[in-house]
Protein chains: 2
Amino acid sequence: MRIIMLDDVDRRILRLLQSDPAQPLPELATLAGLTPARVTRRLDRLRQDGVLLGQRAIIDWRVLGYAVEVSLRVTLDKTVPRAFDEFMDAARKVRAVIEMQTFLGRVDVRLSLIARDLPDYQRIYRAEILTLPHIADIEALMTVAQVKHDESLPL
Amino acid sequence: MRIIMLDDVDRRILRLLQSDPAQPLPELATLAGLTPARVTRRLDRLRQDGVLLGQRAIIDWRVLGYAVEVSLRVTLDKTVPRAFDEFMDAARKVRAVIEMQTFLGRVDVRLSLIARDLPDYQRIYRAEILTLPHIADIEALMTVAQVKHDESLPL
DNA sequence: ACTGAAAGAACTACTCG
DNA sequence: CGAGTAGTTCTTTCAGT
């Protein structure tokens, strides 16, 4: 993979986008001290280079009634060769799972799931998580707050 | 906090926004089987209700040369009353930290940090993480892949 | 080759029916 | 709630540095 080197202009634009990617081009240009045309061209290049993959809406789950978020660390059964793929494919389909990452180390997968309340969590945990294939062990931690979330970055 | 109940129309719109919040209104309307005006009004209400908090650009760190992502679980020193606040305030300022969440349980904080390579990670870990106040224990796991990331959701 | 300006097309917000 | 209009914003092209 080719590694993209950013200059100061790129960095300024990316920082502005992080705080709000919906900002109109003229405003973005003003804040970055550039002309709109220049910002457009930079954005095109960043997209083309695969730096900017797109954007995503930020939804407040608590407002929608999802009061419980739990982080699960899953260790898989290493005696089954295809355990990893089969687990991932199945877990990906669980609607309550909003995030999933794999690791190098003792723990294989971490996933975050949300539920309306504790009974709802119990139901999901028993019916949809524990039934996933090839689980050797699970450790759960209840999330209290998402404190930092991709805002300031090492640009 | 008032909990917002969504109907099918809201859900359809939110699902479309999750895949790409930059979609033009007319296209969104067509995909949702609605008129643009109706979509606008729903969006306004979702924003007003605090369901839609905004949007965020998705940046591919690997392309920018950040090849290493590590997930750290931090346990704090419970003998210091203000350990939690002081640790969080300090950790928030570390640029390499791209994500941070707090827990209810044995582990207090989990944070993700990115680095260019393993030497870079070592440097950050020693100079910027281990120097954070009130750490009792840290456990690190190297992230291999971010598999699911807020895309399909329990709507 | 890269930048800035301008015109045309597209989109959004607003008002009215 | 839908339709139409006015105001913005985006895109593309062109000329200049």
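Given the structure is predicted, the values throughout are model-derived calculations rather than measurements. Letters go in sequence order (proteins before strands), and every chain restarts at 1.
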Would you give the length of the straight line joining atom CZ of B/R123 to atom CG of B/D117, rounded to the nearest 0.5 angstrom?
10.0 Å
Heavy-atom contacts, protein to nucleotides 5-17 of chain C, under 4.0 Å, summarised as B (base), S (sugar-phosphate only) or - (none) per nt, yield -------S-----
salt_bridge(B/K93, B/E128) N-O dist < 4.0 Å
no
Tell me yes or no: between the side chains of A/R110 and B/S71, is some donor less than 3.5 Å from an acceptor?
no
Spacing between A/L43 atom CG and D/dC10 atom C1', to the nearest angstrom:
12 Å
Between B/I58 and A/L52, is there a side-chain heavy-atom distance shorter than 4.5 Å?
no
Apart from B/V80 itself, members of its ILVMFWY cluster (side-chain separation under 4.5 Å) are none
